[in-house]
Number of protein chains: 2
Amino acid sequence: MAPAVRHEAMRAGNLAVVLGELDRHGPLTRAALAENTGLTKTTVSKLVGDLIEAGMAVESGAVRDGERGRPGVAVRLSGHRVAALGLEINVDYLAACVVDLSRSVRVLRTQAVDNRAASPQEVIAGLRDLGAAMLDEAAGLGLTVAGCVVALPGPVDRLTGSVHSAPNLGWKDVAVTGALALPVPVLVDNEANLAALGELWFGSGASLGDFLHVSGEIGIGAGLVVDGALFRGAHGFAGELGHVVVSPDGPACRCGGTGCLERYAGQDALVPPGQGINDLVRRLQAGDPGAAEACARAGAALGVALTTAVNLVDPDTIVLGGIFAPLYPWVSGPAAEAMRARLGQMRAHVPTLAVSRVGGDAATLGAAGQVIQRVIADPGAYLDLTAGGTLG
Amino acid sequence: MAPAVRHEAMRAGNLAVVLGELDRHGPLTRAALAENTGLTKTTVSKLVGDLIEAGMAVESGAVRDGERGRPGVAVRLSGHRVAALGLEINVDYLAACVVDLSRSVRVLRTQAVDNRAASPQEVIAGLRDLGAAMLDEAAGLGLTVAGCVVALPGPVDRLTGSVHSAPNLGWKDVAVTGALALPVPVLVDNEANLAALGELWFGSGASLGDFLHVSGEIGIGAGLVVDGALFRGAHGFAGELGHVVVSPDGPACRCGGTGCLERYAGQDALVPPGQGINDLVRRLQAGDPGAAEACARAGAALGVALTTAVNLVDPDTIVLGGIFAPLYPWVSGPAAEAMRARLGQMRAHVPTLAVSRVGGDAATLGAAGQVIQRVIADPGAYLDLTAGGTLG
DNA sequence: GATATTTAGTCCACAACATAGACTAAATCG
DNA sequence: CGATTTAGTCTATGTTGTGGACTAAATATC
């Protein structure tokens, strides 16, 4: 049920309206904010005052809109006080970043580690060290970290902060949030979900409407962004594109099914064991016809799965990330062709394919971005956090 | 952007909180409402007073909770004043219903007409007559109709109230809202979407969480309900289950693709032309092995498509409606088996299959229910409508 | 260069709403 | 019958946004 609306909720709501407007439509004067939000100038002035005091907004010089009249003072999001920590555990690396309220990446670090060889406890200990170092660094920059999100390659229970099963890591029933023990609130989330959000906030997402972001790795995941928010499904396991059935009589998959997309377009289907995607790209660039053929087949299978996804979920755009980003020139054509052939007659608008603009850091950035998003959506909850903050 | 929160919005929000609580948790005393919503007794009393004055709530006798102390007065939704009109245009009938605020069906009427033989203008004129008759009848019952939703078998543009293309009706670019010209606000929506909502409000939906409702007819549509609201996708065309690819090399489909679910489990794939579903059911009940075999094949194909849907969209339950309701005993087994085989290993919870409890009226009822839902979600917008209302 | 005009931002009296707690009402318990 | 308990109302108060008057700072016009 929607919570009762009290006076404080009204206040919090309007703070969010003003901060959200600053976030979306750049620097604005108080007068313009009043115009855009429908609030009075008086109210906007008070709210902006509070945001500035909390270090979430700053004045940034006079602005003449060309017309006559007294010039206004531009107000914009401030990146000087509030920040977020993004962490990522993946098969062969740990990553961390600090992002400030204006979504500038202030620190970004990656550690190559073979996490399959280590126990979950060792991996989490390593992540804690990395996270703690990032928090120190953030403090050194004068930043107060509002929270932390951890990206994991597998389905997670966000309520308990634990992983039921992450086959790629070899994890089963690992409690992450508790074990991490960082001095900020911690949430965990699925890597594919966060990569989609990373694309939304740090890639081409702002110019996209609703989109489906495909994270091709060993498994193939997808994140669906609708109205600026993730669609998670009833249990948080939506977006398992890798196990969409491409051909019911196809080869057996590790999920127990047959003919899943993963068997046609996952990394293991494209690259012989021991090699990486870069090897494949090199062969493709050298003009190896067998490699091109394999990619075309994978692209066609991807196109079938995406057709199905479009029919069910109706995204506006489809962004290919992960291994499909470097393979885009060889994969996207056949995929788009399959979609056009199957969808073109029924739909006025067949979704466009696009490459991911964010590289391998999409999930890490999306993790931090999710905290920032939360702050912007409810600044009232974070005013205290930062009021007594560092220098300023 | 979320609208600015003004005083009136606070009021409207709390009215919705109270009315929503009454809707979900049955008759409650003012004290219990205060407890449940977090509002004070004073505030609840004022809000309840307004709701009673507007005819949206009534007091209904004293209540002793068994304990001692002064007994409270139970307050519940009132069905005596506010109502909604649901209309449906389908291939071979028109239907209409009047539903009151407490979601009781007050009038329900169906007219058998061959709408393929008539022009869209004639069909809409017929619907207008039916709708106007229902409005008269509602007025006779002392009901004020807050709005109307029209269910159509095809994708609609809800903003303009028009149908781009409804192949089953043979319609192309028909503006419905404008042509209908009823003296209440009119919206149009897709039949499969509304059938899902019909199941939510008039079937087993209340006990379900998030669910996918499959409407099998000549085409196969689906509506996904998440958090009590429809998931529509970017353009409102989500849920086209009928064109999910079951087998990429399968038979050609009228959509231009190949191997769509519709070709395996649509009405035309199960029943020879000229016959209806009832004929098939009769053969099945008589023990016709060929018919049972055909249903099993259709069920298996449905299971493959549903597996894909579960992977992408993660519903909690799947409700089979339309032609799959009478065929449930013969179709659900193979479908469930396919899903279990493909999903059981990965997922802790494989969605349950269930039969629709609402019959062919699901979409009509869902249409009216959507208006009721809107009133309950924002009673403030409808207070005036009913304040000067009929007798009382 | 002085004055009018225009736009930005602040100030102050006021209105809308929810709150807290005192108060009245109506039941059961002893 | 009085004590206790719970429901509901009443009154004074607090928080928040509003509207319009006011000040500030620019350009346009004469």
Side-chain angles (χ1 to χ4, degrees), chain A residues 2-19 21-22 27-53 57-76 379-380 383, chain B residues 2-19 21-22 27-53 57-76 379-380 383:
Chain A
V5 187
R6 322 155 81 101
H7 285 130
E8 50 184 72
M10 181 160 68
R11 191 104 218 295
N14 284 335
L15 273 173
V17 165
V18 169
L19 196 60
E21 187 65 21
L22 287 177
L28 288 167
T29 64
R30 291 170 173 80
L33 278 170
E35 174 90 7
N36 295 357
T37 60
L39 294 164
T40 61
K41 289 190 293 178
T42 310
T43 304
V44 167
S45 274
K46 270 190 289 191
L47 294 170
V48 166
D50 286 357
L51 290 172
I52 288 177
E53 195 183 348
V58 277
E59 297 189 337
S60 65
V63 164
R64 278 192 317 284
D65 264 356
E67 321 297 315
R68 53 191 172 175
R70 169 178 168 178
V73 178
V75 178
R76 57 177 175 75
L383 285 183
Chain B
V5 187
R6 321 156 80 103
H7 286 131
E8 49 185 73
M10 182 159 68
R11 190 104 217 296
N14 284 335
L15 273 173
V17 165
V18 169
L19 196 60
E21 187 66 20
L22 286 178
L28 288 167
T29 65
R30 292 170 173 83
L33 278 170
E35 175 90 5
N36 294 359
T37 61
L39 294 164
T40 60
K41 290 191 291 178
T42 309
T43 304
V44 167
S45 273
K46 271 189 291 189
L47 294 171
V48 166
D50 287 359
L51 290 173
I52 289 177
E53 194 182 349
V58 276
E59 297 190 338
S60 63
V63 163
R64 278 190 319 281
D65 265 357
E67 322 298 315
R68 52 192 173 176
R70 169 178 168 178
V73 178
V75 178
R76 57 177 176 77
L383 286 185

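Just so we're on the same page: letters track the sequence lines, and every chain starts at 1.
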- For D:dG8, does either OP1 or OP2 sit under 4.0 Å from a side-chain N or O belonging to B:S45?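 Result: no.
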- Message: From C-beta outward on A:R68, which listed nucleotide comes closest to its side chain: C:dG9, D:dG8, D:dT27?
- Response: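 Minimum distance to the A:R68 side chain belongs to D:dT27.
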- Message: Please identify which of these residues, B:V48, B:V58, B:V63, meets the side chain to side chain contact (heavy atoms under 4.5 Å, CB included) condition with B:V75.
- Response: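 Of the listed residues B:V48, B:V58, B:V63, the side chain to side chain contact (heavy atoms under 4.5 Å, CB included) partner of B:V75 is B:V48.
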- Query: Touch check for A:V44, heavy atoms < 4.0 angstrom, all strands: base, sugar-phosphate only, or nothing?
  - Reply: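 It contacts nothing in the nucleic acid.
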Show me, pair by pair, the donor-acceptor contacts under 3.5 angstrom made by side chains of residues 4-11 of chain A, not counting sequence neighbours?
{"unit_1": "A:R6", "atom_1": "NH1", "unit_2": "B:G38", "atom_2": "O", "d": "3.2"}
{"unit_1": "A:R11", "atom_1": "NH1", "unit_2": "A:D50", "atom_2": "OD2", "d": "3.0"}
{"unit_1": "A:R11", "atom_1": "NH2", "unit_2": "A:D50", "atom_2": "OD2", "d": "2.4"}

- Message: Base contacts versus sugar-phosphate-only contacts with protein, heavy atoms under 4.0 Å: please encode nucleotides 14-21 of chain C as B, S and - from 5' to 3'.
- Response: -BBBBBBB
- Task: Start with the C-alpha gap between B:T43 and B:V18, add the side-chain angles, then the distance that decides, and say whether side chain to side chain contact (heavy atoms under 4.5 Å, CB included) holds.
- Result: CA-CA 10 Å; B:T43 304; B:V18 169; over 6 Å; no
- Task: Working to the nearest 0.5 Å, report the span between NZ of B:K46 and CG of B:L15.
- Result: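 Answer rounded to 0.5 Å: 11.5 Å.
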- What is the distance, rounded to the nearest whole Å, between atom CZ of B:R30 and atom P of D:dG8?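 Spelled out: CZ on B:R30 to P on D:dG8 is 6 Å.
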- Task: Rounded to the nearest angstrom, tell me the gap between atom CG in B:L33 and atom P in D:dG8.
- Result: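 Atom-to-atom, B:L33 to D:dG8, this comes out as 9 Å.
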- Checking only heavy atoms, does the side chain of B:R70 share a donor-acceptor pair with the base of C:dA25 at less than 3.5 Å?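 Such a pair is found, so the answer is yes.
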- Query: Distance-only, no hydrogens or angles: does the A:T37 side chain make a donor-acceptor pair with backbone N or O of A:L33 under 3.5 Å?
  - Reply: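 The answer is yes, because a donor-acceptor pair under 3.5 Å joins these two groups.
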- Query: Who pairs with A:E59 by salt bridge (Lys or Arg N to Asp or Glu O under 4.0 Å), at least two apart in sequence or on another chain?
  - Reply: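 Result, salt bridge (Lys or Arg N to Asp or Glu O under 4.0 Å) vs A:E59: A:R30.
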